[in-house]
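Encoded as structure tokens, the structure appears first; notes follow it.
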Amino acid sequence: MPRLGTPDRQHPAGVAGLPDPLHRPLLYLTRAGRAASYPLRGIWYFLRNREFWPLFAGRIMPLTVISLLVYFILFTFTFLPQFAFLALFHGWGAWVNAVVLVLGEGLIIIQGLFEGFFVDECRVDVFDATLIKHSLTDLISPSRILFLDAPDAVRMLGKPTSPAIYTPWSLIQIVELIVFLPLNLIPFVGTPAFIIITGARLGKLAHYRWFQLKGYSKDQQKKALRDRAWEYVWFGTVAMILELIPGFSLFFLLTTTAGAAMWAARIEEEEQRRAVDYLIQQEASAAPPPYSDHVV
């Protein structure tokens with residue numbers, strides 16, 4: 001039986017024929033680039049599908065205004081002192097570290113105040129609606145009521161019939177952000193290290209809802225995360241960069257969610273294709289020999 005749930009590691013055209021010393025690094029770069037593209041694809045997908053817009057306007061826009069106020073206060077009162085301190089070690093380049101430091105502090109406050117309590121339900125709706133638009137209604141229907149005669153995927157969504165969580169709110173996640181925030185004090189490498197380390201954590205949570213829908217056990221979830229660990233690092237890194245943009249962080253939460261669902265839909269499609277190919281091979285190997293009138 002084929003290994004379902006394994007990462008999409010097909011060798012892209014132009015990579016498979018390369019010598020071994022080049023093949024492996026380029027394959028890793030291709031996998032990283034593909035995963036990193038999904039948060040960006042999610043932006044275009046969200047903007048192109050108007051049925052998603054009311055989710056942002058009705059639920060997230062008021063929180064975006066509050067988040068802008070949080071960033072305004074932080075930059076007004078904390079940026080200059082932190083920049084002055086960092087300039088002692090980094091020189092004038094300290095402004096980059098100071099900006100990321102303040103943005104990280106703002107992200108911690110916003111996550112603590114809003115993300116787990118007010119935004120998660122909206123992210124579940126975006127994720128589920130995106131899967132429905134990718135013809136995966138059967139994956140959603142056991143977990144929530146669906147109005148199949150609705151005019152679009154968002155309006156099809158009824159109440160969940162089982163716990164629906166996109167990202168489980170965790171105090172540990174916020175503590176990790178606080179712990180890794182001082183990495184920005186390290187010249188040159190500190191800020192990229194902070195973004196990649198926290199992004200890797202973010203990436204691992206991107207498919208939590210998908211694992212729920214598939215009914216994965218904890219062991220199956222760990223295996224799926226392990227199989228795609230490299231991809232989740234780069235998906236989460238791009239998602240983290242987007243979340244650090246003031247005023248747009250909550251909007252990008254929704255677009256990244258759409259991107260995560262698009263990625264899950266592609267994996268589902270590839271799993272189904274592998275299953276079909278396996279069945280065809282099994283039937284071919286089990287077929288009787290061609291008929292012959294000759295007696296041996």
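Inter-residue side-chain proximity for T137 and L148 is flagged as met; some heavy-atom pair is nearer than 4.5 Å. Annotation: side chain of F194 is in contact with side chain of L177 (closest heavy-atom distance under 4.5 Å). Between I267 and W210 the shortest side-chain heavy-atom distance falls below 4.5 Å. L242 is listed as a side-chain neighbour of I43, based on a closest heavy-atom distance under 4.5 Å. For the pair T198 and L107, the minimum side-chain heavy-atom distance is 4.5 Å or more. The closest side-chain heavy-atom distance from L244 to V99 is not below 4.5 Å. Between L26 and L29 the shortest side-chain heavy-atom distance falls below 4.5 Å. Side-chain atoms of V65 and L68, non-hydrogen and from C-beta on, never get closer than 4.5 Å to each other.
F46 has its ring centre less than 6.0 Å from the ring centre of F52. When ring centroids are compared, Y208 and Y166 stay outside the 6.0 Å threshold. If you look at Y232 and W263, their ring centroids are closer than 6.0 Å.
For the residue pair V124 and I165, the shortest heavy atom distance occurs at CG2-C, 3.8 Å. When all heavy atoms of W230 and A32 are compared, the pair lying nearest together is NE1-CB, 3.5 Å. For G259 against F235, the heavy-atom pair with the smallest separation is C-CE1, 4.3 Å. Taking both residues in full, the closest heavy atoms of L181 and G104 are given as CD1-CA, 3.9 Å, listed atom of the first, atom of the second, then distance. Between V179 and P182, the shortest heavy-atom distance links the atoms O-CD, 3.0 Å. Taking all atoms of both residues into account, the shortest heavy-atom contact from A239 to P39 is N-CG, 4.2 Å.
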For a salt bridge (Lys or Arg N to Asp or Glu O under 4.0 Å) check, start with the C-alpha distance between D227 and K223, then their side-chain angles and the critical distance, and finish with the verdict.
CA-CA 6 Å; D227 286 343; K223 182 182 183 304; 2.7 Å; yes
Could you go through the side chain to side chain contact (heavy atoms under 4.5 Å, CB included) check for Y71 and I110 one step at a time?
CA-CA 9 Å; Y71 281 116; I110 290 168; 3.4 Å; yes
Report the C-alpha separation of E268 and R273 in whole Å, then their side-chain angles, then the decisive distance to 0.1 Å, and conclude whether the salt bridge (Lys or Arg N to Asp or Glu O under 4.0 Å) test is met.
CA-CA 9 Å; E268 287 283 340; R273 190 184 307 125; over 6 Å; no
Residue pair V154, D125: steps toward the side chain to side chain contact (heavy atoms under 4.5 Å, CB included) verdict
CA-CA 7 Å; V154 174; D125 288 348; 5.9 Å; no
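The hydrophobic clustering, which links ILVMFWY residues whose side-chain heavy atoms are closer than 4.5 Å, places I245 and I109 together. Using a 4.5 Å cut-off between side-chain heavy atoms of Ile, Leu, Val, Met, Phe, Trp and Tyr, with links allowed through other members, V233 and Y28 fall into the same hydrophobic cluster. There is a path of hydrophobic side-chain contacts, each under 4.5 Å, that joins L157 to F56. I196 and M240 are assigned to two separate hydrophobic clusters, defined by single-linkage of ILVMFWY side chains at heavy-atom distances under 4.5 Å.
The side chain to side chain donor-acceptor pair (under 3.5 Å) check on K133 picks up N49, E51, with sequence neighbours excluded. Under the side chain to side chain donor-acceptor pair (under 3.5 Å) criterion, Q221 pairs with no residue at all, not counting sequence neighbours. With sequence neighbours left out, the ring pair (Phe, Tyr, Trp, His ring centres under 6.0 Å) criterion links W95 to no other residue. Remark: F72 engages no residue in a ring pair (Phe, Tyr, Trp, His ring centres under 6.0 Å) (not counting sequence neighbours). For F211, the ring pair (Phe, Tyr, Trp, His ring centres under 6.0 Å) test picks out Y216, with sequence neighbours left out. Applying the salt bridge (Lys or Arg N to Asp or Glu O under 4.0 Å) rule to E105 yields no partners; only residues at least two apart in sequence or on another chain are considered. Every residue two or more places apart in sequence or in another chain that forms a side chain to side chain donor-acceptor pair (under 3.5 Å) with N184 is listed here: T191. Residues that satisfy the ring pair (Phe, Tyr, Trp, His ring centres under 6.0 Å) test with F188, not counting sequence neighbours, are absent from this structure.
Atom CZ of R31 is separated from atom CD of E231 by 4.0 Å, given to the nearest 0.5 angstrom.
With a 6.0 Å radius and a threshold of 12 heavy atoms from other residues, nucleotides or ligands, R48 has its CZ atom above the threshold. Summarising the local packing, NZ of K204 is surrounded by 12 or fewer heavy atoms from other residues, nucleotides or ligands at distances under 6.0 Å.
A salt bridge links E271 to K214: at least one charged side-chain nitrogen sits closer than 4.0 Å to a carboxylate oxygen.
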For a quick test of your reading: what N or O donor-acceptor pairs under 3.5 Å do the side chains of residues 246-255 make, sequence neighbours left out?
from, atom 1, to, atom 2, distance (Å)
T255, OG1, F252, O, 3.1

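Residue pairs meeting the salt bridge (charged side-chain N to carboxylate O under 4.0 Å, His left out) criterion with at least one partner in residues 155-175, sequence neighbours excluded, are D152-R155. Applying the salt bridge (charged side-chain N to carboxylate O under 4.0 Å, His left out) test to every pair with at least one member in residues 161-188, sequence neighbours left out, gives these pairs: E176-R201. Screening residues 128-149 for ring-ring contact (aromatic ring centres under 6.0 Å, His included), with sequence neighbours left out, gives Y45-H134.
In this structure, the side chain of N97 does not engage the main chain of L86 through any donor-acceptor pair within 3.5 Å. Judged by distance alone, with hydrogens and angles left aside, the side-chain atoms of R144 form a donor-acceptor pair with the main-chain N or O of G158 at under 3.5 Å. With hydrogens and angles ignored, the 3.5 Å screen pairs a side-chain donor or acceptor of T161 with a backbone N or O of S143.
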